[in-house]
Structure formats: C-alpha cells, structure tokens
Amino acid sequence: MVAPHNLIPEHKLLSESEAKNTAKKYGIPLDKFPKILDADPQAKKLNAKPGQLIAITREDPTGKYTYYRYVVMA
Amino acid sequence: MAKSSDDSFKVATGEAVGVIAAQSIGEPGTQMVLRSFHTAGISSVVTTTGLPRILEIVDARKRPKFPVMEVKPIKSIEKNYEKVRGIWRKIEEVKMSSLIRDFKEDLKTGTLLLNLDKEKMSLYEVTAGTVASKLSKNESLTVSVEESDVIKVKFKGKTTAQTRTTFVNTINANILGVKGIIKANINQNEDGTFVIKTSGSNLEEVMEIDGVDKWNIYSNDMFEVLKFYGIEAARNLIANELQEVIKEEGFSISFRHISLVADAMTYTGTIRSIGRHGVAGDKESVFARAAYEETIKHFTNASVFGEEDKLKGVSENILIGKQIGLGTGMIKLAIKKEDLARIKKKEAKE
C-alpha cells in the first residue's frame, strides 16, 4: 500500500481573457484541451460552466507544472 | 546534458513520447509474473499486486478485486490513539450476524429471536437497545427487546419465502460502521501519527464521519475517487497505483511514461480503458482503428457512413506508406516566392 498522498491538486478557474491567452500560447483551440466534466466535484466547487478553462497545479516526480482542462457538459 | 532534474523531463518537439512510453512499460511487463496475492507488510490488508493489478487499472475495471482505503484523521487528533480508535469504531462494519450467538425463527408466525453474544456486545460497546433501534430503521419490521440479550423481530410477509428472505437480510444487516468495510486496522507511522487501513472501500460514507480528513482519503477504487474527488484525483490515483505496483515488482519505470498513460486515460474527463473499448477505439482515424482490432467491422462501418480519414496520426500513415508526422517528419519545408524566383534566375544563368 502506498504512503498517503493528497490526491486532489489545486484547481483554479481562469477568466475568459486568461483562457484565450493560454489557448494562444499552446496554439490550439480551447476545445482541444483535456476535458473536465461540469459535474466533476472539483468543477462544481469552483462553479465552473461549460466553455471555461480550469488550471490545475500539478506536482509529481516530473516537476511542478500547470495542466489545463476545458469544462464540458456531462 | 540536463542541468537539473526538472530539465531532464523536457522533450524535443516531435518526440514520439507515446511509443517510447509503450516500450518502456511493455518491456518490463513481459518479465512480470502472474502471481497476484500479496499481503503488504504486517498489516493484514490484502490487495491485488503485480500484473493482474496493472491489467485491472488499464482495463478500467469498475471495481478492484480487493478495494482498500487509507483513512487519515484530521490534524488535531492524528496522534491521539483514543480518538482515532473512535473513528475506527465508526468505520469497520459489524453485521448483526457477528453479534449473536444463535437465532430462532418461526416462519409460520413470522417471529425471529436473536440471542445476543454478551462478549461481542461489550467488545463493540453496543447495547440491545441500540441494536434494536438500528434494526427498526427497516419500517416493515417490529422490533422489541425481550431481555437484556434477546431481541424479538416480527415480520409478516405475504409468503413464507418472503418472510425467510427478510430474516436472512435482518441477520446480515449493518449495525455498526460503514457498509462494505470488511476490516479496518489502525497503523502508526514513524512520526507518531495514526492512519486507518481498511479492506473494502466506501468513500461516500467515510467522508461524512467526524474527525476524518475528508479530502485526504486514499482509495484504490478509481471510479469512486472519480465520483467524489474528481478527474484529477483519479488521474493521480492511476499514475500512483501503476508506479507503486511496478516498484513492488522490482522494476523502475520513469514516471513520465506512467503519467502519460494516466493522462491518456483521463483525457475526456471520465476514465477510459486502454484498448478497443477505450482509448484505441475512440481514435478519429479509420485506418488506425482498423489496424488495431476488429478490422472488418471498422472498414464496413466507415464505408457505410462515408467516413473520412485525415491521415494525421502515426499508424494510418505507416499503413499507407506515407512519412509519419513525427520527429523530422513533422517539419515541412517552405520557400518564399521571391526566393524561388531568384534561385531559378540564377540557375538559368549558369
């Protein structure tokens, strides 16, 4: 059995302009980002609506980085 | 040469990370044995390990064969054994059947007499009254305490079979703890904090217990984690579980490969299995799907529905003999019109 981990990383809801800049940075449209359902417990906590982008601060053996998920309808 | 450990995880544009990950996991995979049972250390929590556990994860089975949880108490009481024991008592499931010495049932009159075991009762710190009130939550039953250690249950079913079924259910009824938690142990870590390890998983109910660090429970049931903690937690769980199983088998695979698998499985916001019902079956390209499994099915469907293949992936390009869009194949050479004109002029002169 694994040593206790905190499974849930920090989720942050991005504003529309932040989302636009992120999409521009990676050169892909918003709907090509990995998805998160609007019914997801973390998305619900942030009250995220479909079409918004959520930034997730991940920390794993490959380092600390931000991952993005695009909110879609369940 | 990499400057720091973070730099060593950087990758050049166009690197075929998926193929490298597949080979890095596949090669040690061939050497793993099919032995599955394993007791982790001194604690008697049994889980699946080795290749069977890896298959369980990548196939995205709905329930692991041996679900386990690791429950942490909140910070203020994590070193207080008595308080942790209080939580433990609320977690481990005690069924009616483990509190009784024997029972008598009369199916004609519809009565069930439960003879309680006094030793067990004092062990779990319950009285006949609390047991009776728990049983009477089922409204179709009439429950009364006859003596300090005898409980009478009355039920009148339409048929004898119905009465019998109800009595069996009554004997198997949950009296204490959380449904589905077969066993729970309290373990002490080196820093003096206590954790509760359980066989059986039920995040929903354990999260509601007072004194439990609600958002910090570890469960190896990924669909439960997905439902109550969300997709990111499920992704971390998949990656961690794979990494741990591989480590236990005595292999070391870089986390970058394992996390890629976890990311692919959780890309759509739900958990998809690796294979034709999941990641491979959802591919956009007809050729890529046909190259994997069920070739004829994919080609007939594609021709009936007039599917189009944009030839952007790897396997479809290998299939038709075109250069793949990876590595140097990703780069396209373009030349400006005026430059071309100049070169042509130069060539004409010579």
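Below, chains carry the letters A, B, ... as their sequence lines are ordered, and counting in each starts from 1.
Contact between Phe33(A) and Tyr267(B) at its shortest, heavy atoms only, is O-OH, 3.8 Å. Of all non-hydrogen atoms in Leu7(A) and Asn236(B), the two that sit nearest each other are O-ND2, 2.7 Å.
The shortest distance between side-chain heavy atoms of Asp40(A) and Lys227(B) does not fall below 4.5 Å. Considering only heavy atoms from C-beta on, Asp263(B) stays 4.5 Å or farther from Pro34(A) through its side chain.
Both the backbone and the side chain of Ile36(A) come within less than 4.5 Å of a heavy atom of chain B. Only the side chain of Lys45(A) has a heavy atom closer than 4.5 Å to any heavy atom of chain B. Interface remark: Val245(B) contributes no atoms to any contact with chain A (heavy atom separation under 4.5 Å).
Listed by first and then second residue, the ring pair (Phe, Tyr, Trp, His ring centres under 6.0 Å) pairs that reach into residues 224-261 of chain B are Trp215(B)-Tyr229(B), sequence neighbours excluded.
The line from OG1 of Thr268(B) to CG of Leu37(A) is 7.5 Å long, rounded to the nearest 0.5 Å. Atom CZ of residue Arg235(B) and atom CD1 of residue Ile56(A) lie 9.5 Å apart, to the nearest 0.5 angstrom. Once rounded to the nearest 0.5 Å, the distance linking CD1 of Ile231(B) with CD1 of Ile54(A) reads 12.0 Å.
The local environment of CD in Glu284(B) is sparse, with at most 12 non-hydrogen atoms from other residues, nucleotides or ligands closer than 6.0 Å.
A salt bridge between Arg256(B) and Asp60(A) is absent, with no side-chain N of the basic residue lying under 4.0 Å from a carboxylate O of the acidic one.
Your options are Arg58(A), Lys44(A), Gln42(A), His11(A), and the one with the most heavy-atom pairs under 4.5 Å with chain B is Arg58(A). Between chain A and the options Ala239(B), Gly269(B), Ala234(B), the largest number of non-hydrogen pairs under 4.5 Å is found for Gly269(B).
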Output side-chain donor-acceptor pairs under 3.5 Å for residues 66-74 of chain A, partner residues at least two apart or in another chain, one line each.
| from | atom 1 | to | atom 2 | distance (Å) |
| --- | --- | --- | --- | --- |
| Arg69(A) | NE | Glu232(B) | OE2 | 2.8 |
| Arg69(A) | NH1 | Lys35(A) | O | 2.8 |
| Arg69(A) | NH1 | Thr266(B) | O | 3.0 |
| Arg69(A) | NH2 | Glu232(B) | OE2 | 3.2 |
| Arg69(A) | NH2 | Thr266(B) | OG1 | 3.3 |

